[in-house]
2 protein chains.
Amino acid sequence: MADVDRADEGLYSPVKSADRTLQVLEALASGDRRVSLAELARDLQIPKSSLHGILKTLVQRGWVDVDETGLRFGLGLRALLVGASFVESDDVVARVQPVLDWLSAESGREAVHLGRLDATDVIYLAKRESAHALRLFSAIGRRLPAHATALGKVLLARRTDEEVCALLEWPLAPLTARTIVGREELLAELALVRQQGYALDNEENADGIRCFAVALDTASPSLDAISFSIPIFRLDDALQTRTLELLAEGKRRIEASWPTRLR
Amino acid sequence: MADVDRADEGLYSPVKSADRTLQVLEALASGDRRVSLAELARDLQIPKSSLHGILKTLVQRGWVDVDETGLRFGLGLRALLVGASFVESDDVVARVQPVLDWLSAESGREAVHLGRLDATDVIYLAKRESAHALRLFSAIGRRLPAHATALGKVLLARRTDEEVCALLEWPLAPLTARTIVGREELLAELALVRQQGYALDNEENADGIRCFAVALDTASPSLDAISFSIPIFRLDDALQTRTLELLAEGKRRIEASWPTRLR
DNA sequence: GATTTGTGTTCAAGGTGATGAACGTCAAAC
DNA sequence: GTTTGACGTTCATCACCTTGAACACAAATC
């Protein structure tokens, strides 16, 4: 009876406690507050007794931190280590740094980002902050829905319509009043992006901010993109044109420094 | 026969595969290059066959990334998630942000850091970069030996000499020609720090840079500290005095905003 | 061409972690 | 004062992960 779908599992079965260890870390990372063992056990559908041992292991290694009461669990300092190391060791991140410096300087210190597509989200991997008072909140490792950002849309445009339809959950979650939520609208937008060669996010992600992005051909399919984020009140046609030129030149410089030719 | 030392283990035994999962992540984070399964197995003293399952699990969840050849393993994008989340959810980090902004502005955009002591290292948790061209290389999550930094020394000074002696490995590893490596020298330095109330790092960590730090009494014993890092050629007595005043005021502001009174 | 050394992968057998029920504890609700 | 529900903890039983050896393969070396 219970053996019916054994064939499906046959392809690959994860090591249970290793898998759960990662589940716990991901759950603690996605939640915004500390949680109890029992709460975590309910959320992850893991028996309390099993979770107990795993949590103790995580705490002992400093990956999970316990409240002074010993009842609430959150991420520990060790969790920071891997993230920092990932950023430092990534090839694309390393090679893009000087170009980001150049883009930041040439643009008069507008906010520049390097982002990577991870399933339905875009993750910031590197940035140069704006010198202007109005600081866009963004941090390395932060993730935003791909459909609501210029970075995300320019990367989604490298996929086929079928892939995009299968990947995203419809209707899309809105971040602002202008976020594209419909399937037809997004596919039309992606078609435009493919034609233009760049993506534009017009207050779809944060009010008052417009972003411009181009995809980097450093992998196939393309996973990385660079963008500028500029407050609308400061934008005019000349600045917009200049921004797109800078992005195109930035892309050229990054790809020129790339060891293995793609496309 | 095999039961002889059962009593010792009784205190606590980690879940083996959970523990190993974390070991793998830590090893991948500390190494600077990608490694093979066999190499990792040797380093961590884990049988290849056991590691095989764990690595597959890590790869499937996106915590570990495989080379296009399928032979070299490195950290995956998922590793970035927990680090970013840790920083965003930490109470001290959240409360310190406005004070860092203030310190950065008041100082004319010198480099400011918030650091936390983790065993023998100091980890950067937040920063404001210098506006000056000479950019100190530093990133959130980066760790530096405590004995070679102002942040570290001011935190070590909150421990007793006995604790410090037991904690660090003597002789200390030098980072520059001026790094304190001897036990007597460091203890004398820490005594001076206790008397002054602040720590100074005079090119002990990077050539040409002097740092100033004060400890924050947000936990007991104190784990967090804030610092300024300033190129020596730009420093004079007036700036040094001003910097120490700013740190003292920053410390006061942070502690004033703290919910639970300490000390 | 044979050998060595590197890689990842598989498998049966034995050791060990997962499990759910029962427990101890505490604080809040009745 | 009792009850209820929340919490973490423990334990014997069984499922399953761990293990070493053997395998398949590639690349460098003899």
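Treat the numbers as computed from the prediction; the structure is a model and nothing was measured. As a basis for the values below, the full set of heavy atoms in this structure was taken, side chains included, without hydrogen atoms, waters or symmetry mates. Proteins come first, then strands; the chains are lettered A, B, ... in the order of their sequence lines, and each starts at number 1.
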- Task: Would you mind telling me which of C:dG8, D:dT18, D:dT10 lies closest to the side-chain atoms of B:Leu37?
- Result: C:dG8
- Take the protein atom CD of B:Gln45 and the nucleotide atom P of D:dT19, then report the distance between them rounded to whole Å. 12 Å
- Protein-nucleotide distance (B:Glu39, atom CD; C:dT5, atom P), rounded to Å: 17 Å
- Query: Just to confirm, is there a sub-4.0 Å distance from OP1 or OP2 of C:dG6 to any side-chain nitrogen or oxygen of B:Arg72?
  - Reply: no
- Message: What is the distance, to the nearest angstrom, from the CD1 atom on A:Ile54 to the P atom on C:dG17?
- Response: 11 Å
- Residue B:Ala38, side-chain atoms from C-beta onward, closest of C:dG8, C:dA18, D:dC7: C:dG8
- Between CG of A:Leu51 and P of C:dA18 the distance, given in whole Å, is 10 Å
- Give A:Lys48 one of three labels, base, sugar-phosphate or nothing, depending on what nucleic acid heavy atoms sit under 4.0 Å from its own. base
- Item | Interatomic distance where CG belongs to A:Asp19 and P belongs to D:dC17 [whole Å] | 10 Å
- B:Ser49 near the nucleic acid: base, sugar-phosphate alone, or nothing, with a heavy-atom cut-off under 4.0 Å? base
- Message: Counting only side-chain heavy atoms from C-beta out, which of C:dT19, C:dT7, D:dG20 sits nearest to A:Ser50?
- Response: C:dT19
- Shortest non-hydrogen separation from B:Leu37 to B:Lys48 and the atoms involved: CD2-O, 3.7 Å
- State, to 0.1 Å, how close A:Leu151 and A:His113 come at their nearest heavy-atom pair, and which atoms those are. CD1-CB, 4.2 Å
- Examine D:dA6: is either OP1 or OP2 under 4.0 Å from a nitrogen or oxygen in the side chain of A:Arg42? Give yes or no. no
- Task: Could you tell me whether A:Ser36 contacts a base, only the sugar-phosphate backbone, or nothing, with contacts defined as non-hydrogen atoms closer than 4.0 Å?
- Result: sugar-phosphate
- Message: Under 4.0 Å from OP1 or OP2 of C:dA18: is there any side-chain N or O of A:Ser17 that close?
- Response: yes
- Message: I'd like to know if B:Arg158 pairs up with B:Asp217 as an ion pair, taking the criterion as any Lys NZ or Arg NE/NH1/NH2 lying under 4.0 Å from an Asp or Glu carboxylate oxygen.
- Response: yes
- Message: So if I take every side-chain heavy atom of A:Arg20 and compare against C:dA18, D:dC7, D:dT18, which nucleotide ends up nearest?
- Response: C:dA18
- Message: Please evaluate residues A:Trp63 and A:Val24 with respect to the criterion side chain to side chain contact (heavy atoms under 4.5 Å, CB included), reporting the C-alpha separation (whole Å), side-chain torsions for both, the decisive distance (0.1 Å), and the verdict.
- Response: CA-CA 10 Å; A:Trp63 283 73; A:Val24 168; over 6 Å; no
- Item | Protein-nucleotide distance (B:Arg34, atom CZ; C:dG8, atom C1'), rounded to Å | 16 Å
- Separation of D:dT18 atom P from B:Leu44 atom CG, nearest Å, is 14 Å
- Task: Please determine, for the side chain of A:Lys16, which listed nucleotide (C:dT10, D:dT19, D:dC16) has the closest atom?
- Result: D:dC16
- Message: So does B:Leu190 get a backbone contact from the side chain of B:Lys153, meaning a donor-acceptor N/O pair under 3.5 Å?
- Response: no
- What is the distance from NE2 of B:His52 to P of D:dA24, rounded to the nearest Å? 16 Å
